[in-house]
Every structure is written in C-alpha cells, then in structure tokens.
Amino acid sequence: MVKLDRSQIRRYARQLLIPEIGGRGQEKLLEASVLVVGAGGLGSPVIQYLAAAGVGMIGIADGDEVDETNLQRQTIHAGNLGMNKAESAAQFVEKLNPDVKVEAYPFSVTVENARDLVRRYDIVVDCTDTFPARFLLNDACLLESTPLVHSAVLRFEGQIMTIIPHETACYRCFLPEAPPPGSVPTCREAGVIGVTTGFFGVLQANEVIKLIISKGELFTNKLLYVDLLHNDFNLIEISKHPSCPACGERRIKELRSEYYVETCRIETD
Amino acid sequence: MSRRAESRQIEANEVLDIRGEVCPFTFIETKLKLEEMKSGEVLEVITDHEPAARDVPKSVEQEGHEVIEVLKTGEREWRITIRKK
Amino acid sequence: MKVRLPASIYRDAEIEIDADEITVEELVKILSEKIGRDLRKLIIRNGDLSPFVNVFINGKNVRHEKGLKTIVKKGDEVSLVPAVAGG
C-alpha cells in the first residue's frame, strides 16, 4: 500500500475530502494502471483527468501524429504538431502530474499486440475511432478479463458503455458486427466538435475512477446515448446475450485477423 | 490541570501532531489518520491552528466519529480527542 | 407509442405513433410516411434488421428478440440508436 506524502496530500486535498475517495481511494488510484487506446478527441480528456486524479500508471497507445485538424478537439497536444500522439500525450502527463508513471506506445493496437498490451493493465479505455479497433479491444478485453470503458462519438452525438467481461453486456451484445465499411460516416467525413469528445471522454474517466475506487454506479448493462445538440439523453438497457458472438455461449477463444476486417463478423465453427 | 488529568483517563491509541498545519490540511490529515485506525480506537490530534480546534471536531463529527474532548493545552495549542466510528 | 430518433436520423427527436400493436417492420413503414423520409433503407437490409441501427423497445434491443418481427405495443417507447465509431 502506498502512503501519501505531504505534497500528495496537498495535490489531492480536494478529492481526499470526498467520503467515497479519502486516503484509501487515493491510494487505490495511485496503485491503478489504465491503458488508454487512442490519444485523440476522447483520449485527450480521459488522459488529462486520469492523470490529474493521480492514476499511478497510464499507458497510451496511438500510432498517429498530431496534425492541425486535430487541435479543435484534441486538447492535450499543444505545440506538438507532427509528434506521435502517444508521445505528445505522455509529455502532457509528465508536466501535469509527476506522480503518474506513463508509458507511450507509439503504434496502433493490432491483433498481434492487443492481448499483450491489455494484459499489463487493470482497465482499458476505448478512445479509438474505427469499428475494427473497437471490436478488437472488446474481444481482447473479454479474453483477458479486463474491464473496458467504451465510448464513440459523431458530430454532437455519442455513446458510452462500461463492460465487465463475462459479467455484463459487451460491445458485441450491443452491436454484434460492424456496419459495412462506408455505410456509417466517420468524424473525418461527418465532423465532430470538441465539446462532444470532451463530454464523453470525461464520462469515461469518471467510469474508470469509479471502477478503481469501487464506488457508485457504472454504465454496465446499459448504454447512454446523448444528442448534445438537442440535450436528448437516452439511457438504454443492453442485456448480455446468450448468442453474443464474443461473450455468449459460443464465446470467442482467440483473436483472428479475419474478425477485424469489413463487418468484423466472428464466424463460429 | 485537573481537566487535563481527567482526560488522560482515556488512553489514545494514536497521536497525530499537526502543529504547523492549517485548514483544510488539518482535517485532511486527521481524516487520513482515522482511516488507518480501527473502529472504537481513540486518536489524539495536537494542533496550533485555532480555526482547526473549531472546524476539525465539526468535520469529524459529520463523518460520524465521536469527539470526546477539545482541550486548550497551551497558549496556542489544542488537543482534540476523537473516537473512530 | 413514442419513437425517439437521434438528430442524425431525423431532426425531431420524438415522434408519437398511434397504433395498438404492430411489428417493428410496420412501425418503420408508418414512421417513414409520417416524417417523409424512407427509413427502411436505413433500418432494413436484405429483409432483416440492418446491423448499423439498433432498435430498442422499452430499453430492450429487438435484435435479441424477433428483429423486425418484434411486436411494439401501445404505450411502448422505441429508441433508434445508430452505430457510431468516431473518437
């Protein structure tokens, strides 16, 4: 168990005062490890708030580089145009909170490396931007029994859902397979605004904190779909389904590259 | 002095000397110490910050602990005795 | 029954449909006529529920029931949730 020192008591004073956190909760946060996959629109607030709260170990995976079109929503990459996003995010964390050990993975999560990366962390946060990456993380987290906090956004809309493998509904219970490529617009095509990624990223960070301190309620077996343009909040029940191709009776046994192309369908033998 | 002698009847399990600390850290330090202790154990807090002598007892009571005694033990020194809930 | 559509599908978030008991497929047809936009192309693919829109009745995904043949009753709340993947 870590023991808070003088400077940590000062840094975390405001949250130490919260009954649900206190010293024990803070120690849990400092001992936790979280993998954030994607250091873009969602990843920025997730990384920022987890680092600020004192999550002891943050892994950041992203193979992209910071470009000018990212800056209206990706708020942690100031001054780092052209730099790898994982490395840029790691710099931000180091400046913000020296308590946090940060590991940058300057590459994409793939079928080959997903399980190995996921296995090193207590919790995974899905801040990716494609269906294949989302299905891959869902399936890797199921295989490694690692909790996953999912979110996805477009324009003023987004969704969030937390998955406790084999206990609560998984991403494939909600969406068994991906829409055919090209049928659903991406942020690149249809747009997104920083407040949307900010809103959902903060909700993701909040889910992670609650998972670590084991307090409060989670978005498990439910999905929150919000239209921020019309302030329309929908909490939708999602049930863990016996015929889910990933976590159901014929659950996934390994990651195969053919599961993450086109519609990401899992063909069960 | 008689009060002091009287209060000594309650044996403290832990003593927390936070002289030099000011609010809100006086309460935070007290709260963190209480978290480490077992239910029913007694904590003695020594402070030289007058507002803490008023506010720390109030805050620990809000968290459900019992404030046994607040004693002025010196010109600028107070002792707060708390029983953990 | 009340149908809630996200802004990316239709600008009015909530639409009231007056029917006692219909299938999701019939609901989609009535809804399309009501809003003047053919939602069938979006919701139905190869005669089945499209994979990229999820239809929920009182919080339950019809994909886990009888898909397009699932019955919607008077007073039910139906939500359409498009699949989004941006981040």
Side-chain angles (χ1 to χ4, degrees), chain A residues 37-38 40-43 126-134 151-159 169 173-180 183-192 196-197 200-201 222-223 225-232 234-244 263 265, chain C residues 1-16 24 27-28 31 35 37-70 72-73 75-87:
Chain A
V37 184
L42 288 169
D126 178 0
C127 302
T128 61
D129 58 359
T130 65
F131 283 107
R134 296 179 178 289
S151 178
V153 294
L154 193 72
R155 295 182 176 165
F156 276 102
E157 290 170 65
Q159 64 189 36
C173 294
F174 166 67
L175 196 71
E177 59 188 77
S183 62
V184 171
T186 62
C187 289
R188 193 185 297 262
E189 297 153 5
V192 66
T196 310
T197 51
F200 284 96
K222 51 181 91 79
L223 176 126
Y225 195 93
V226 182
D227 172 357
L228 290 167
L229 193 62
H230 299 92
N231 287 339
D232 186 23
N234 293 281
L235 192 58
I236 295 144
E237 203 179 307
I238 309 287
S239 33
K240 186 174 185 315
H241 204 258
S243 71
C244 170
T263 62
R265 181 176 302 155
Chain C
M1 53 197 70
K2 194 161 69 181
V3 184
R4 314 184 80 167
L5 298 176
S8 55
I9 292 180
Y10 189 66
R11 64 183 184 278
D12 272 347
E14 253 176 51
I15 294 150
E16 193 64 41
V24 170
L27 175 72
V28 173
L31 200 60
I35 69 171
R37 182 183 161 193
D38 196 355
L39 294 176
R40 277 173 296 192
K41 276 181 273 179
L42 193 74
I43 299 169
I44 304 166
R45 195 180 62 156
N46 303 331
D48 211 343
L49 196 63
S50 153
F52 55 90
V53 174
N54 283 273
V55 180
F56 296 85
I57 302 172
N58 300 330
K60 297 259 190 309
N61 194 336
V62 303
R63 202 178 293 282
H64 297 162
E65 321 275 324
K66 291 176 183 152
L68 290 172
K69 302 284 174 236
T70 312
V72 192
K73 296 193 183 76
D76 280 349
E77 257 194 55
V78 181
S79 305
L80 260 66
V81 181
V84 294

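Every chain is numbered from 1 and lettered A, B, ... according to where its sequence line falls, protein lines coming before strand lines.
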Might you point out which heavy atoms bring [X] and [Y] nearest each other, and give the distance in Å?
X        : Y       : result
A/Glu157 : C/Pro82 : OE1-CG, 4.5 Å
A/Asp129 : C/Gly87 : CB-N, 3.6 Å
A/Cys187 : C/Gly86 : SG-CA, 3.5 Å

**Complete:** If one checks every heavy atom of A/Phe156 against chain C at 4.5 Å, the contacting part turns out to be neither

**Asked** Side chain, backbone, both or neither: which part of A/Val192 has an atom under 4.5 Å from a heavy atom of chain C?
**Response** neither

**Asked** Hey, does A/Asn234 have a side-chain heavy atom less than 4.5 Å from the side chain of C/Phe56?
**Response** no

**Request:** Could you tell me the separation between the CG atom of C/Asn54 and the CD1 atom of A/Ile238, rounded to the nearest 0.5 Å?
**Result:** 7.0 Å

**Item:** Choice from A/Leu175, A/Thr197, A/Leu229, A/Thr186 maximising heavy atom contacts with chain C below 4.5 Å
**Value:** A/Leu175

